[in-house]
Participant: 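Let me begin by handing over the structure; questions about it come next.
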Amino acid sequence: QVQLVESGGGLVQAGGSLRLSCAASGRTFSSYAVGWFRQAPGKEREFVAVISWSGRTTIYADSVKGRFTISRDNAKTPVYLQMNSLTPEDTAVYYCAADQGLGVRVGVSWYDYWGQGTQVTVSS
């Protein structure tokens, strides 16, 4: 089992930045791809970004490309999501998730382990 814990959420003004962290306890996610997803009130959970276990491959949703950066120093350290130029449309609960499969995938259903989420609120 892998337990994931997100941190770093909060309230920020439009144009500001936040960095989210996703840490693993129990079994590490050293061989897993890790993704970030978000869910706004009344909306479905949506893909934000994913990074391969090696850190060499990343994919971003079009809505965050150029503003958000997903990273990991090595397969054992937290996975980070640096969020810049935030807008009110980025307001959501952000979740990290781990995928035991090969490659990097963007669909919610592929992910095996999920954190509890961290709230990000961007004021206008």
Side-chain angles (χ1 to χ4, degrees):
Q1 284 288 335
V2 175
Q3 290 83 43
L4 302 178
V5 179
E6 303 95 337
S7 61
L11 174 64
V12 64
Q13 289 189 329
S17 299
L18 284 174
R19 188 177 80 157
L20 305 184
S21 297
C22 175
S25 61
R27 198 173 155 191
T28 67
F29 51 23
S30 59
S31 61
Y32 300 165
V34 175
W36 284 95
F37 296 79
R38 66 186 182 185
Q39 188 166 18
K43 295 188 177 181
E44 292 188 352
R45 193 167 298 188
E46 66 174 5
F47 167 76
V48 175
V50 60
I51 189 166
S52 62
W53 70 270
S54 67
R56 294 194 197 102
T57 303
T58 57
I59 300 174
Y60 295 92
D62 288 343
S63 59
V64 306
K65 206 171 292 184
R67 300 188 299 123
F68 291 12
T69 303
I70 189 171
S71 64
R72 68 197 308 178
D73 289 334
N74 61 58
K76 295 183 180 179
T77 59
V79 173
Y80 301 102
L81 184 69
Q82 177 67 43
M83 306 187 297
N84 300 327
S85 302
L86 286 161
T87 73
E89 288 68 39
D90 295 314
T91 295
V93 177
Y94 283 70
Y95 299 89
C96 69
D99 177 6
Q100 299 182 87
L102 299 176
V104 287
R105 299 185 282 197
V106 304
V108 170
S109 61
W110 290 112
Y111 287 76
D112 305 287
Y113 303 102
W114 290 83
Q116 293 299 306
T118 185
Q119 177 71 47
V120 171
T121 303
V122 184
S123 63
S124 57

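Because the structure is a prediction, the values reported are computed rather than measured.
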Participant: Could you report the tightest heavy-atom contact between Cys22 and Trp36, atom names first, then the distance?
Facilitator: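 Nearest pair, atom of Cys22 first, then Trp36: CB-CZ2, 3.6 Å.
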Participant: Atom CG of Leu20 and atom CZ of Phe68: how far apart are they, to the nearest 0.5 Å?
Facilitator: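 Here the rounded value is 8.0 Å.
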Participant: Show the nearest heavy-atom pair for residues Ser17 and Asn84, with the distance to one decimal.
Facilitator: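 So the two residues come closest at OG-OD1, 2.9 Å.
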Participant: Nearest heavy-atom pair of Gln100 and Tyr32: which atoms, and what distance?
Facilitator: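 Closest approach of Gln100 to Tyr32: OE1-OH, 3.4 Å.
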Participant: If the plane angle is over 60° it's perpendicular, under 30° parallel, otherwise tilted; pick one for Trp114 and Tyr95.
Facilitator: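 Trp114 vs Tyr95 ring planes: perpendicular.
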Participant: Please give me the minimum heavy-atom distance between Ala24 and Val2, naming the atom from each residue.
Facilitator: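 Nearest heavy atoms, Ala24 then Val2: CB-CG1, 4.2 Å.
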Participant: Should the heavy atoms of other residues, nucleotides or ligands under 6.0 Å from CD of Gln82 be counted, would the total exceed 12?
Facilitator: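 Check passes, neighbour count above 12.
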Participant: Does some side-chain heavy atom of Val93 sit less than 4.5 Å from a side-chain heavy atom of Thr118?
Facilitator: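 SC-SC contact between Thr118 and Val93 ruled out.
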Participant: Mind listing the side-chain donor-acceptor pairs of residues 56-64 below 3.5 Å, one per line with the distance, residues two or more places apart or on another chain?
Facilitator:
residue: Tyr60; atom: OH; partner: Ile70; partner atom: N; Å: 2.8
residue: Asp62; atom: OD1; partner: Lys65; partner atom: NZ; Å: 3.1

Participant: Ignoring hydrogens and angles, write down the donor-acceptor pairs under 3.5 Å from the side chains of residues 101-108, residues two or more places apart or on other chains.
Facilitator:
residue: Arg105; atom: NE; partner: Asp99; partner atom: OD2; Å: 3.0
residue: Arg105; atom: NH2; partner: Asp99; partner atom: OD1; Å: 2.8
residue: Arg105; atom: NH2; partner: Asp99; partner atom: OD2; Å: 3.4

Participant: What is the distance from atom CD of Gln13 to atom OG of Ser123, rounded to the nearest 0.5 Å?
Facilitator: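 Between Gln13 CD and Ser123 OG, I get 5.0 Å after rounding to 0.5 Å.
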Participant: Hydrophobic cluster membership, with links at side-chain heavy-atom distances under 4.5 Å among I/L/V/M/F/W/Y: are Phe47 and Leu86 in one?
Facilitator: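 No, Phe47 does not connect to Leu86 through the hydrophobic network.
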Participant: Do you see a donor-acceptor pair shorter than 3.5 Å between the side chains of Ser54 and Ser52?
Facilitator: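 Indeed, the side chains of Ser54 and Ser52 share at least one donor-acceptor pair under 3.5 Å.
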Participant: Counting C-beta onward and ignoring hydrogens, is there a side-chain heavy-atom pair between Gln119 and Thr91 closer than 4.5 Å?
Facilitator: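 They are in contact (side-chain heavy atoms under 4.5 Å apart), so the answer is yes.
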Participant: Return the CD to CG distance between Gln116 and Leu4, rounded to the nearest 0.5 Å.
Facilitator: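 Answer for the CD-CG pair, Gln116 versus Leu4, is 10.0 Å.
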Participant: Can Ile51 be reached from Leu18 by stepping across I, L, V, M, F, W or Y side chains whose heavy atoms are under 4.5 Å apart?
Facilitator: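 Leu18 and Ile51: one cluster.
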Participant: Among residues at least two apart in sequence or on other chains, which ones pass salt bridge (charged side-chain N to carboxylate O under 4.0 Å, His left out) with Arg45?
Facilitator: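 Once residues adjacent in sequence are excluded, Arg45 has no partner under the salt bridge (charged side-chain N to carboxylate O under 4.0 Å, His left out) criterion.
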Participant: List the atom of Ala49, the atom of Leu81, and the distance in Å for their closest heavy-atom pair.
Facilitator: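 So the minimum-distance heavy-atom pair works out to CB-CD1, 4.3 Å.
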Participant: Please confirm whether Arg19 makes a cation-pi placement over Tyr80, using NZ or CZ under 6.0 Å from the six-membered ring centre and within 45° of the ring normal.
Facilitator: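 Relative to the ring axis of Tyr80, which defines the angle, Arg19 lies inside both limits.
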Participant: Quick one: closest heavy-atom pair of Tyr111 and Ala33, and the distance?
Facilitator: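 Between these two residues, the closest heavy atoms are CE2-O, 4.5 Å.
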Participant: Do the non-hydrogen side-chain atoms of Tyr94 and Met83 ever get within less than 4.5 Å of each other?
Facilitator: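 The answer is yes, as the side chains (C-beta and beyond) meet within the 4.5 Å cut-off.
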Participant: As an exercise, state the distance from CG of Asp90 to OG1 of Thr121, rounded to the nearest 0.5 Å.
Facilitator: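 Result: 11.0 Å between the selected atoms.
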Participant: Rounded to the nearest 0.5 Å, how far does CD of Glu44 lie from CZ of Arg38?
Facilitator: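 It comes to 14.0 Å.
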Participant: Sub-3.5 Å donor-acceptor pair from the side chain of Glu6 to the main-chain atoms of Cys96, do we have one?
Facilitator: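 Such a contact is found between Glu6 side chain and Cys96 backbone.
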